[in-house]
Amino acid sequence: LPHYVCRTPMFMPVGTQGTVKAVTSKQLEDLGCQVILGNTYHLGNRPGPELLAEFGGLHNFMNWKRGMLTDSGGFQMVSLLHLADVTEEG
């Protein structure tokens, strides 16, 4: 990973919307956390790409210097498909 060399196996806390609930970044570092997992779908909704860009990216937004892994958000896309209006035009 470009931000941090990780050792496996590892515990990876979930920071779905750019935050790990009830724990600071410093506390996560002190616990030996190497990587935080985010969710692209949720990050796109909140805090949103504009705010993340304002902070200079997700690492700065979270004040996290170590590794970060984001998934595609594909599960949410498929599970929320019933809310979409899909036509022949797209």
Worksheet item: salt bridge (Lys or Arg N to Asp or Glu O under 4.0 Å): which pairs involve residues 78-90, sequence neighbours left out?
Response: none
Worksheet item: Partners of Thr19 by side-chain contact (heavy atoms from CB on, under 4.5 Å), sequence neighbours excluded?
Response: Lys21
Worksheet item: Is the side chain of Thr40 donor-acceptor paired with the backbone N or O of Asp71 at a distance under 3.5 Å, no angle test?
Response: yes
Scan the side chains in residues 50-64 for donor-acceptor partners under 3.5 Å anywhere in the protein, sequence neighbours excluded, and list what turns up.
| unit_1 | atom_1 | unit_2 | atom_2 | d |
| --- | --- | --- | --- | --- |
| His59 | NE2 | Arg66 | O | 2.9 |
| Asn60 | ND2 | Phe55 | O | 3.2 |
| Asn60 | ND2 | Gly56 | O | 3.4 |
| Asn63 | OD1 | Lys65 | NZ | 3.3 |
| Trp64 | NE1 | Arg66 | O | 3.4 |
| Trp64 | NE1 | Gly67 | O | 2.8 |

Practice prompt. Would you mind reporting whether Ile36 and Met12 have side-chain heavy atoms less than 4.5 Å apart?
Written response: no
Worksheet item: Taking the side chain as C-beta and beyond, is there a heavy-atom pair between Leu37 and Thr70 under 4.5 Å?
Response: no
Worksheet item: Glu29: what forms a side chain to side chain donor-acceptor pair (under 3.5 Å) with it, not counting sequence neighbours?
Response: none
Item to complete: Please name all residues satisfying salt bridge (charged side-chain N to carboxylate O under 4.0 Å, His left out) with Lys26, sequence neighbours left out, ordered by chain then number.
Response: Asp30
Worksheet, complete the sentence: All heavy atoms of Pro13 vs all of Val35, minimum pair found to be CD-O, 3.3 Å
Fill in: Pairs touching residues 4-18 that satisfy salt bridge (Lys or Arg N to Asp or Glu O under 4.0 Å), sequence neighbours left out
none
Worksheet, complete the sentence: One should read off an interatomic distance between Gln17 CD and Asn39 CG, to the nearest 0.5 angstrom, of 8.5 Å
Practice prompt. Could you list the residues that satisfy side-chain contact (heavy atoms from CB on, under 4.5 Å) with Gln27, not counting sequence neighbours?
Written response: Val23, Thr24
Worksheet entry | Non-neighbouring partners of Thr8 that pass side-chain contact (heavy atoms from CB on, under 4.5 Å), sequence neighbours left out | Met10
